[in-house]
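Let me begin by presenting the structure, written as structure tokens, before commenting on it.
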Amino acid sequence: MPTYVTTPIYYVNAMPHLGHAYTTIVTDTYSRFRRLCGDEVRFQTGTDEHGEKIVEAAVKEGVSPRAYVDRISAAFQATWPQLSVAQDYTIRTTDPDHVQTVQDILQQVYDNGDIYFSEYSGHYCQGCERFLTEKELVDGKCPDHQVAPKEISEQNYFFRMSKYQDWLIDHIKANPEYITPERYRNEVLSFLSEPLEDLCISRPTSRLTWGIPLPFDENFVTYVWFDALINYLTGIGYPDGSDFEKYWSVAEHVIAKDILKPHAIYWPTMIKAMGLSPYRRLHVHGYWNVDETKMSKSIGNVVRPKELVDTYGVDAVRYFVLREMSFGLDSSFSSDAIVARQNSDLANDLGNLFSRSLTMVVKYAAGKVPAADPTSEGPAEAELKNALATMVSGYEEHMNRFEFHRALQAVWEVIGLLNRYIVTNAPWELAKDPAQEGRLQTVLYSLSEALRIITLVLGPVMPEAAAKMVTALGLDGRMENVTLAEAGAWGGIQVGTQVAAPQQLFPRLDKKALAAGSTQQAAPVKKKARKEEKKKEISQDGLVSFEQFGKFDLRVAEILAAEKIAKSDRLLKLTVLLPEERTIVAGIAEHYSPEELVGKLVIAVANLKPAKLMGVPSQGMVLAAKTTGEDGREQLILSTVAGSIAPGSKVA
RNA sequence: GGCGAUGUAGCUCAGCUGGUUAGAGCGCACGGCUCAUAUCCGUGGUGUCCGGGGUUCAAGUCCCUGCAUCGCCA
């Protein structure tokens, strides 16, 4: 199967920012994913370089439009490698072959009678580059630019868009996936419920010369739509290119919601007028709202792709934007959020999983992936295999629907499962017992194999990190040109593969250092340190204050009943009078039989936070003295009181 | 003004055609482990499911209405 996917061509009146980066990362990820599915993929991006605003910007800089667009276009092209974006073709609307194609198509559509000449007059706003309607004016001025528009009477060429309105409505209704997510499809249909006007597609050369001349009237240049949208055809060699048919039949466009109308309405009708088949799908995404108060100072107000990559790393940036945004909806971008994703999802969950797993293969299996021992495989391995298979199919489905956040969620579910698998099976325990060798090998094999599949599916999302994972797994050269269908199945890793504990795949980031504008890595402090700090507070130098002691509510308790807790060697369930009746679970079963406890008066902590032990809720604890007997075994003697006293009496 | 979307735990959000005690991740608290990047595992939620009506044996899920936010259109 072929895949042809495009980003919009970016207008070069401004430098690349987060929005451009997102669209392009999404398209790159999708193209890598389709390649992983075995497709022959064509991925195109580019720049839109004609128009009045370009001329204005060039004039401002005192350079020619040509020099200006060369400079900005180069900035865009320099950005993509920094984001690990690998497009197959970069088109510029100033390319000679594009200019030629646009003119050919204009002539063709003109000859067919779908372009006509007409005169009209109206309020033209320079800033908007368009005519405004009476209703749009506020106090006679353009609401966006606060300037009174000029009264212009102008003759121009128009594209007979209205002619194709009914066809377009039918086509969208008949193809639910033509425009997705659905909200945008509805928006378009809603817009189409009103009569379409024809589209003005020219500018007189008296007003604009930086454009493609109309082939049938040298006094005009084409304006925006034919010039820009046709790039999707030029880039794959329309009309005679050998690959044109192959790729055009499967064309998919990725855009942000601000250019929905041109892509969902103008473009299909233009294509129809040319006599071509419609593109296959249009994928529309939302905006990134940048929370400036939560941004790193070094990045500032405008989020520049290069600075993002320099600050957080390309993998973190790609993972973040794909994981955080529900495709189609707006999301917010903040330093805190990206750091949280990096530290939690990438460093803790994924990076640490790789680290711990491969370290164990190195330690316990001399660094070679051991063979699984079929006789020691159990339900845990069955669950793993099952989870991996489910993940791969879910991943594929979601990626195809541009639901990247869901695809990644599915992967992380498996990562969580693997971390649990390690704890449950404790290879470090297995390694202590030679009799468990088979079991150990099975666990290590399963981990290695699962990591291989995870690496495979993360390739499209984080190409750089995935390459490091491949190396760590000793699979250099073996993960290229493989397909998801084959390589995504269990059992692909070769026994004996030499792995290496990876260098830190995902470094932890320090939120505070980043906020201050430093690109320093995290000083590894945080949670546990704080936890231990707290513990210290209580037992600083081994002494507690009287106040601290006063927090313990110690009381005399009378044991009313005692019974063993099933499946536990050490726990007894006690019913005590304190003076109210309570249940306390005590770890004294090895030292006292239930019978001998009944009636005893013991000292209990009455205000201990309730806890569940072996499923039995315990409201307090009884105190006992602990020592080691002559046989080396632990001995426990319950604390009690020297005389008879009422249950519930305070001990202090 | 018209049309539409959204409003669910401290934060970000899942909850399909109405049906067990409303979920996930993060954060937070406590406990456990020690292979690991001070990581991992376990336990912990009295959430007015925006407010108010209604339909139903049963509504976060359907209908009406109000409020808030947003989008498209005029």
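Reckoned from all heavy atoms, side chains included, excluding hydrogens, waters and symmetry mates.
- For A:Lys163, the salt bridge (charged side-chain N to carboxylate O under 4.0 Å, His left out) criterion is met by A:Asp114, not counting sequence neighbours.
- Comparing B:rG44 with B:rG54, their P atoms sit 38 Å apart, to the nearest whole Å.
- B:rC40 is paired with B:rG32 under the Watson-Crick or G-U wobble criterion, all donor-acceptor distances under 3.5 Å.
- Contacts of A:Asn419 with the nucleic acid, taken as non-hydrogen atoms under 4.0 Å apart, involve only primed sugar atoms and P, OP1 or OP2.
- Atom P of B:rU39 sits at a distance of 13 Å from the matching atom of B:rC26, rounded to the whole Å.
- Using N1 to N3 plus N6-O4 or O6-N4 for Watson-Crick, or N1-O2 and O6-N3 for G-U wobble, each under 3.5 Å, B:rU46 pairs with nothing.
- Remark: of the listed residues A:Leu388, A:Thr390, A:Leu384, A:Thr390 is the sole one forming a side chain to side chain contact (heavy atoms under 4.5 Å, CB included) with A:Asn386.
- Applying the Watson-Crick and G-U wobble criteria (two distances, each under 3.5 Å), B:rG25 pairs with B:rC11.
- When the nucleotides B:rU37, B:rA36, B:rC73 are ranked by their closest atom to the side chain of A:Arg356, B:rA36 comes out on top.
- For the C1' atoms, the distance from B:rG7 to B:rG51 is 11 Å, rounded to whole Å.
- For the P atoms, the distance from B:rA36 to B:rG19 is 48 Å, rounded to whole Å.
- Within the nucleic acid shown, A:Asp330 has no heavy atom closer than 4.0 Å to any nucleic acid atom.
- Residue contacts for A:Glu429: at a heavy-atom cut-off of 4.0 Å it reaches the sugar-phosphate backbone alone, with no base atom in range.
- Pair assignment for B:rA59 gives none, since no Watson-Crick or G-U wobble pairing has each distance under 3.5 Å.
- For A:Asn352, the listed nucleotide lying nearest its side chain is B:rU39; candidates were B:rU39, B:rC41, B:rG71.
- Look at A:Arg508 and you won't find any side-chain N or O under 4.0 angstrom from OP1 or OP2 of B:rA38.
- A distance of about 42 Å separates the P atoms of B:rG27 and B:rC64, rounded to the whole Å.
- Taking side-chain N and O atoms only, A:Asn348 has a distance below 4.0 Å to OP1 or OP2 of B:rC40.
- For an aromatic pair to be called close, the ring centres must be under 6.0 Å apart, and A:Phe327 with A:His405 fails this.
- Computed from coordinates, the A:Arg341 CZ to B:rU12 P distance equals 13 Å when rounded to whole Å.
- Nucleotides B:rU61 and B:rU65, compared at atom P, are 16 Å apart to the nearest Å.
- Ranking B:rA36, B:rC26, B:rC41 by closeness to the A:Thr359 side chain, first place goes to B:rA36.
- Ranked by how close their nearest RNA chain B nucleotide is to the 5' end, A:Ile415 and A:Glu194 are led by A:Ile415.
- Taking atom CG of residue A:Leu260 and atom C1' of nucleotide B:rG4, one finds them 14 Å apart after rounding to whole Å.
- Among the nucleotides B:rU37, B:rC40, B:rC35, the one closest to any side-chain atom of A:Trp428 is B:rC35.
- Rounded to whole Å, the separation between the C1' atoms of B:rG15 and B:rC49 comes to 10 Å.
- A:Glu197 has no carboxylate O lying under 4.0 Å from a charged side-chain N of A:Arg160, or vice versa, which leaves the two without a salt bridge.
- Here the separation of B:rA14 from B:rU6, taken at their C1' atoms, is 15 Å to the nearest Å.
- Put simply, CZ on A:Phe327 is 19 Å from C1' on B:rA14, counting in whole angstrom units.
- Rounded to an integer number of Å, the gap from A:Leu192 CG to B:rG2 P is 22 Å.
- Residue-level contact check: A:Ser190 touches neither bases nor backbone, having no heavy atom under 4.0 Å from any strand.
- Aromatic ring centres of A:Trp225 and A:Phe159 lie farther apart than the 6.0 Å criterion allows.
- Counting to the nearest Å, the C1' atom of B:rA36 and the CG atom of A:Leu358 are 11 Å from each other.
- Of all nucleotides present, none satisfies the Watson-Crick or G-U wobble test against B:rU17 with each distance under 3.5 Å.
- As the counterpart of B:rC3, B:rG71 is assigned, both hydrogen-bonding distances of the Watson-Crick or G-U wobble pattern falling under 3.5 Å.
- Distance, A:Leu408 CG to B:rC13 P: 17 Å, rounded to whole Å.
- Between A:Ile422 atom CD1 and B:rG32 atom P there is a gap of 21 Å when expressed in whole angstrom units.
- In this structure, the ring of A:Phe320 has its center less than 6.0 angstrom from the ring center of A:Phe333.
- For the pair A:Lys261 and A:Tyr266, the cation does not sit on the ring face, since its NZ or CZ is not both under 6.0 Å from the ring centre and inside 45° of the axis.
- Using a 4.0 Å heavy-atom cutoff across all strands shown, A:Tyr364 reaches sugar-phosphate atoms only and no base atom.
- Rounded to whole Å, atom P of B:rG71 lies 10 Å from atom CG of A:Asn289.
- Comparing A:Tyr184 and A:Phe354 by the nucleotide of RNA chain B that holds the closest heavy atom to each, the one mapping nearer the 5' end is A:Phe354.
- Using a cutoff of 4.0 Å between basic side-chain nitrogens and carboxylate oxygens, A:Asp433 and A:Arg439 are not scored as salt-bridged.
- Here A:Arg406 reaches the OP1 or OP2 of B:rG15: one of its side-chain N or O atoms lies under 4.0 Å away.
- If you check every strand for non-hydrogen atoms under 4.0 Å, A:Leu353 touches nothing.
- Dashed line: the shortest gap from a side-chain N or O of A:Lys261 to OP1 or OP2 of B:rC73 is under 4.0 Å.
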